[in-house]
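For ligands, and for the atoms within them, numbers begin at 1 and follow the listed sequence.
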Amino acid sequence: MTTYAATACAGANIAFIKYWGNLDEALRLPLTNSLSMTLDTTVTITTVVFDPALQGDQLTLNEEAIVGPALERVSTHLDHLRRLAGVTLPAHVTSRNTFPTGAGIASSASAFAALTMAAAAALGLDLSPKELSALARLGSGSAARSIFGGYAELIAGARHEDAYAVQIAPPDHWPLVDIVAVVSREHKAVGSTGGHALAHTSPLNPARLAHVHTALARARSAILARDIETLGEVMELDALTMHAVMMTSRPSLLYWLPGTMAVMHAVRSWRQEGIPAYFTIDAGPNVHVITLPDYATEVQARLRAMPEVKEIITCQTGKGAILLGDERP
Ligand code: DP6
């Protein structure tokens with residue numbers, strides 16, 4: 001019997017201008033555009049083997065067999081690709097992250113970007129980066145951006161084929177550093193998928209939506225001009241408005257811990273000393289500190305010295321998703 005296999009690798013990303021809330025939950029059509037930097041050291045490597053001898057889809061994540069909701073999410077995603085290829089073959093997905101899960105780095109972005117690329121290759125689908133990005137979005141909204149390296153913007157189209165990411169600038173345009181200050185490794189109670197559905201219950205959501213176009217335009221031009229002051233200012237404001245929406249939704253989502261606040265205050269005080277460091281925070285308590293390469297060693301040392309910081313993970317601007325091997329006959 002014939003099997004079709006391929007392996008792909010994709011980096012996680014950190015959004016400078018984030019999306020929170022979907023127009024369509026099932027299709028993961030985001031309410032607004034979002035803009036991120038793809039990361040280099042935090043990657044997912046995924047092999048997909050379509051094999052008619054299997055009883056059903058299987059998932060092995062970091063050497064552990066996974067069943068339940070995570071397998072169902074992967075199966076649903078593979079269905080989109082199988083439908084496109086006109087096949088019904090079951091698959092074994094083997095995936096490995098180079099970073100600890102629950103460390104404040106969204107593994108769904110790198111996971112679904114790598115899965116989409118590997119499954120499409122294994123099925124012999126000839127897709128453009130735009131089509132791959134839209135498909136990756138169906139698995140996890142932020143995965144659409146991880147198809148591209150460097151800086152990418154996810155366009156909030158109102159139809160599946162119109163909601164995909166585009167590259168704003170390649171990785172070598174501006175080598176920023178993201179130092180993740182891990183203040184808690186605990187699994188968060190409400191993940192992004194559940195959280196997105198609550199955005200519209202916050203009275204602050206309309207204000208955030210009204211501001212996002214200005215924020216995106218400023219962030220985009222700051223990246224092109226390599227202007228960390230403007231990017232940092234707009235990035236912090238965006239993270240704070242997103243968390244204001246989260247905190248004021250019903251039920252309220254309060255992701256910050258005392259350690260989160262400690263790092264936010266520290267980063268701002270370091271700026272007073274002339275260190276160009278800025279924070280952003282995803283749906284969790286850990287803080288991403290963005291700085292320039294020349295200041296990375298100093299920021300790392302200062303974060304390590306904080307009692308609230310359990311561990312730091314340092315990333316630079318990474319490449320887009322790539323195919324590592326295509327064993328299709
Ligand atoms: C706060 O893409 O993780 O990181 O589609 O449910 O997987 P799912 O959501 P996800 O949401 C990202 C939320 C965010 C902001 C961002 O990355 O833009």
Is ligand 1 under 4.0 Å from a heavy atom in the side chain of S142, in the backbone, in both, or in neither? both

Does ligand 1 have a heavy atom under 4.0 Å from the side chain of H243, from its backbone, from both, or from neither? neither

For [X] and [Y], does a side-chain donor sit closer than 3.5 Å to a side-chain acceptor?
{"X": "N97", "Y": "T44", "answer": "yes"}
{"X": "H196", "Y": "N22", "answer": "no"}
{"X": "S202", "Y": "S249", "answer": "no"}

Point-to-point distance, once rounded to the nearest 0.5 Å, from [atom1] of [X] to [atom2] of [Y]:
{"X": "I228", "Y": "M235", "atom1": "CD1", "atom2": "CE", "value": "6.5 Å"}
{"X": "M117", "Y": "L127", "atom1": "CE", "atom2": "CG", "value": "9.0 Å"}
{"X": "I281", "Y": "M246", "atom1": "CD1", "atom2": "CE", "value": "9.5 Å"}

[X] versus ligand 1: do any nitrogen or oxygen atoms come within less than 3.5 Å of each other?
{"X": "K18", "answer": "no"}
{"X": "M246", "answer": "no"}
{"X": "R28", "answer": "yes"}

Would you please determine whether E25 falls within less than 4.0 Å of ligand 1 on a heavy-atom basis? no

Any heavy atom of R137 closer to ligand 1 than 4.0 angstrom? no

Among protein heavy atoms, which lies nearest [atom], and at what distance?
{"atom": "atom 9 (O) of ligand 1", "result": "H196 NE2, 3.2 Å"}
{"atom": "atom 7 (O) of ligand 1", "result": "S140 OG, 2.6 Å"}
{"atom": "atom 17 (O) of ligand 1", "result": "R145 NH2, 2.8 Å"}
{"atom": "atom 3 (O) of ligand 1", "result": "S192 OG, 3.2 Å"}
{"atom": "atom 6 (O) of ligand 1", "result": "T193 OG1, 2.5 Å"}

Among F16, Y255, Y19, which residue places a heavy atom closest to atom 15 (C) of ligand 1? Y19

Note: heavy atom closest to atom 5 (O) of ligand 1, options S34, S108, G141, belongs to G141

Considering only heavy atoms of M242, which atoms of ligand 1 have at least one such atom less than 4.0 Å away? 1 (C)

In ligand 1, the atoms that come under 4.0 Å of a heavy atom of A15 are 16 (C), 17 (O), 18 (O)

Tested for side chain to side chain donor-acceptor pair (under 3.5 Å) against S34, the lone hit among K18, E153, R145 is R145

Backbone of H160 reached by a side-chain donor or acceptor of R137 within 3.5 Å: yes

Evaluate the side chain to side chain contact (heavy atoms under 4.5 Å, CB included) criterion for residues L231 and L176: first the C-alpha distance (whole Å), next the side-chain angles of each, then the deciding distance (0.1 Å), finally the verdict. CA-CA 11 Å; L231 179 66; L176 285 179; 3.9 Å; yes

Measure the shortest side-chain to side-chain distance between I290 and F16 over non-hydrogen atoms and say whether it is less than 4.5 angstrom. yes

